[in-house]
Amino acid sequence: MTKSDFSEVKVLLSQPKKIVIIPHKNPDGDAMGSSLGLFKYLKNNGHSPVVLAPTDYPNFLKWLPNNDTVEVFSTKDQDKIDLIANAEVLFFMDFNTLDRVEEIKPFVDKSDAIKIMIDHHQQPDDFPDFLYSDPTICATSQMVYHLFENLGVVDQIDSDIATCLYTGILTDTGSFRFSSTTSTTHRIAADLIDKGAVNYKIHNNIFDGNSMARMKLMGVALSNLVIIEDCKSAYITMTRKELRKNNFKKGDTEGFVNMALSIENVNVAAIFIEDLEGDFVKVSLRSVGSFSVNQLSRDHFNGGGHINAAGGRVDAPIAEVVEIFRKSVGLNKDEIISSND
Ligand code: 5GP
Ligand code: MN
């Protein structure tokens with residue numbers, strides 16, 4: 001977005017508006033943090049905002065300030081359809097294509113609200129009226145901070161906003177350790193702490209609420225871990241049966257793929273999880289270095305994401321999806337092996 005685009009957004013938001021903020025389906029810490037951070041700013045400025053999540057999200061995010069105001073979309077609930085129909089402004093947070101809002105998509109297509117996308121994934125769709133896209137930034141929550149800078153309202157960040165944005169940055173940077181973390185990220189995190197984000201409490205809320213079910217599932221994941229040594233790749237499978245047997249709840253498998261990536265001499269890692277409702281396999285991909293799992297996902301797994309973190313889904317039995325993975329890393333073997341040089 002150019003300086004004059006930011007000025008136009010500032011003018012747009014200078015009068016109270018009905019605003020719906022939509023994170024991607026299965027929202028993560030960054031999607032919810034950026035959405036609820038923006039929500040509080042808009043609320044403080046006299047707007048009528050609501051965060052409308054396409055699907056439910058993990059319990060480890062349900063402590064975020066103003067979480068109790070979040071609506072979860074359902075086509076069976078006319079009130080939620082009306083929210084979109086009546087909105088004057090729609091914000092799209094932390095995703096780059098409308099496929100990521102699932103059942104909300106047809107209602108967005110029908111809406112004549114001003115559409116603003118804030119996102120850090122590569123190759124965004126160009127339908128929004130305002131597209132603030134920057135794949136070099138570690139988290140959409142950091143982009144919301146930059147949005148506030150551009151609007152000249154950083155001093156309006158209260159402790160709720162700071163808490164939400166800090167959470168998004170913390171989760172999308174793997175606790176400030178991924179290569180996307182810059183000195184600017186740390187400066188912003190420091191400012192958010194000054195503005196009321198209590199860093200150790202946030203960390204505790206996100207990472208120290210493990211259920212017994214999650215720990216058991218982690219055991220299953222680790223025992224299903226396979227390494228493809230000659231391709232410096234590793235993968236984990238989790239079947240529907242294994243999930244059910246261990247009382248799986250949304251979010252329980254979050255981060256498991258990183259366990260595979262943390263193994264020495266592994267440059268690409270994947271986890272394949274059978275969906276409990278649909279007849280498909282959810283794929284999560286991670287890499288270190290220059291090898292792009294965004295491209296791998298686009299080419300083989302109907303998805304996308306970032307260079308080092310991407311996802312997708314395949315409508316095929318899990319054994320077939322594993323075969324697709326084995327073939328795809330085989331095809332990219334040389335690039336993967338030298339990815340971390
Ligand atoms: P995760 O593996 O944690 O679900 O997602 C990793 C990254 O890939 C996220 O940034 C997410 O936005 C992206 N991603 C995950 N699933 C999909 C998908 O089905 N389609 C697309 N385009 N991106 C995805
Ligand atoms: Mn993000």
Side-chain angles (χ1 to χ4, degrees), residues 21-38 53-55 57-58 60-61 91-102 105 117-125 132-147 164-176 178-181 185 206 221 235-236 238 250-261 268-273 275 278 280-287 292-315 321 325:
I21 303 166
I22 307 175
H24 56 75
K25 68 179 173 188
N26 299 320
D28 58 7
D30 188 32
M32 290 312 292
S34 58
S35 294
L36 281 168
L38 180 65
T55 62
Y57 48 97
F60 68 80
L61 296 173
F91 276 96
F92 304 114
M93 308 301 286
D94 198 37
F95 63 91
N96 57 357
T97 162
L98 274 184
D99 294 342
R100 304 266 291 142
V101 297
E102 253 179 11
K105 185 176 186 300
M117 178 178 272
I118 306 180
D119 178 55
H120 66 140
H121 295 89
Q122 292 171 325
Q123 297 156 273
D125 288 355
Y132 178 27
S133 160
D134 191 342
T136 69
I137 296 181
C138 63
T140 299
S141 297
Q142 180 175 322
M143 295 179 69
V144 172
Y145 185 98
H146 293 310
L147 170 73
C164 291
L165 300 187
Y166 187 97
T167 299
I169 294 171
L170 175 75
T171 53
D172 255 29
T173 57
S175 305
F176 301 96
F178 298 154
S179 59
S180 54
T181 311
T185 307
I206 294 287
Y235 65 89
I236 292 169
M238 303 214 68
K250 226 175 193 47
D252 277 350
T253 55
E254 196 83 26
F256 285 6
V257 66
N258 293 318
M259 301 191 298
L261 190 68
V268 170
I271 187 165
F272 307 106
I273 304 176
D275 193 75
F280 64 88
V281 175
K282 173 79 184 86
V283 181
S284 280
L285 299 160
R286 299 291 184 272
S287 66
S292 170
V293 283
N294 169 44
Q295 200 53 50
L296 196 75
S297 189
R298 282 170 188 271
D299 291 345
H300 302 280
F301 301 102
N302 310 308
H306 314 273
I307 289 180
N308 297 131
R313 55 181 269 184
V314 182
D315 298 325
V321 184
F325 178 69

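All ligand and atom numbering here is 1-based and tracks the order in the structure.
- Of all the listed residues (A139, G305, G304, S297), G304 holds the heavy atom that lies closest to atom 24 (C) of ligand 1.
- Considering CD1 of I22 and CZ of R100, their distance stands at 13.5 Å, rounded to 0.5 Å.
- Side-chain N/O atoms of D30 and T171 include no donor and acceptor closer than 3.5 Å.
- Taking every non-hydrogen atom of G312 and a distance limit under 4.0 Å, the qualifying atoms of ligand 1 come out as 16 (N), 17 (C), 18 (C), 19 (O).
- The CZ atom of F178 lies 13.0 Å from the OG1 atom of T185; values are rounded to the nearest 0.5 Å.
- The residue from S284, A270, G255 that puts a heavy atom closest to atom 4 (O) of ligand 1 is S284.
- Residue H120 counts as close to the Mn ion (ligand 2), with an N, O or S atom under 2.8 Å.
- Of the listed residues (H24, R298, K282, R313), the one carrying the non-hydrogen atom nearest atom 16 (N) of ligand 1 is K282.
- Restricting D172 to its N/O/S atoms, the shortest distance to the Mn ion (ligand 2) is reached by OD2.
- Between L285 and ligand 1, not a single N/O pair is under 3.5 Å apart.
- Here the heavy atom of the protein found nearest to atom 6 (C) of ligand 1 is R286 NH1, 3.6 Å.
- Here is the list of ligand 1 atoms found below 4.0 Å of a heavy atom in H121: 9 (C), 10 (O), 11 (C), 12 (O).
- Remark: aromatic rings of Y166 and F176 are close, center separation under 6.0 Å.
- In this structure, the protein non-hydrogen atom closest to atom 15 (C) of ligand 1 is G311 CA, 3.4 Å.
- When distances from the Mn ion (ligand 2) to the N, O or S atoms of D94 are compared, OD1 comes out shortest.
- Atoms of ligand 1 lying under 4.0 Å from at least one heavy atom of A309, given by number and element, are 7 (C), 8 (O).
- No other N/O/S atom of D30 lies as close to the Mn ion (ligand 2) as OD2 does.
- Those atoms of ligand 1 that come under 4.0 Å of a heavy atom in G303, given as number and element, are 20 (N), 21 (C), 22 (N).
- At a cut-off of 3.5 Å, with distance as the only test, no side-chain donor of H146 or D134 sits close to an acceptor on the other residue.
- Atom-to-atom distance recorded for D94:CG and M32:CE is 11.0 Å, nearest 0.5 angstrom.
- Ligand-side atoms of ligand 1 in range of H306: 10 (O), range being under 4.0 angstrom from any heavy atom.
- The part of R100 lying near ligand 1 is the side chain, judged by heavy-atom distances below 4.0 Å.
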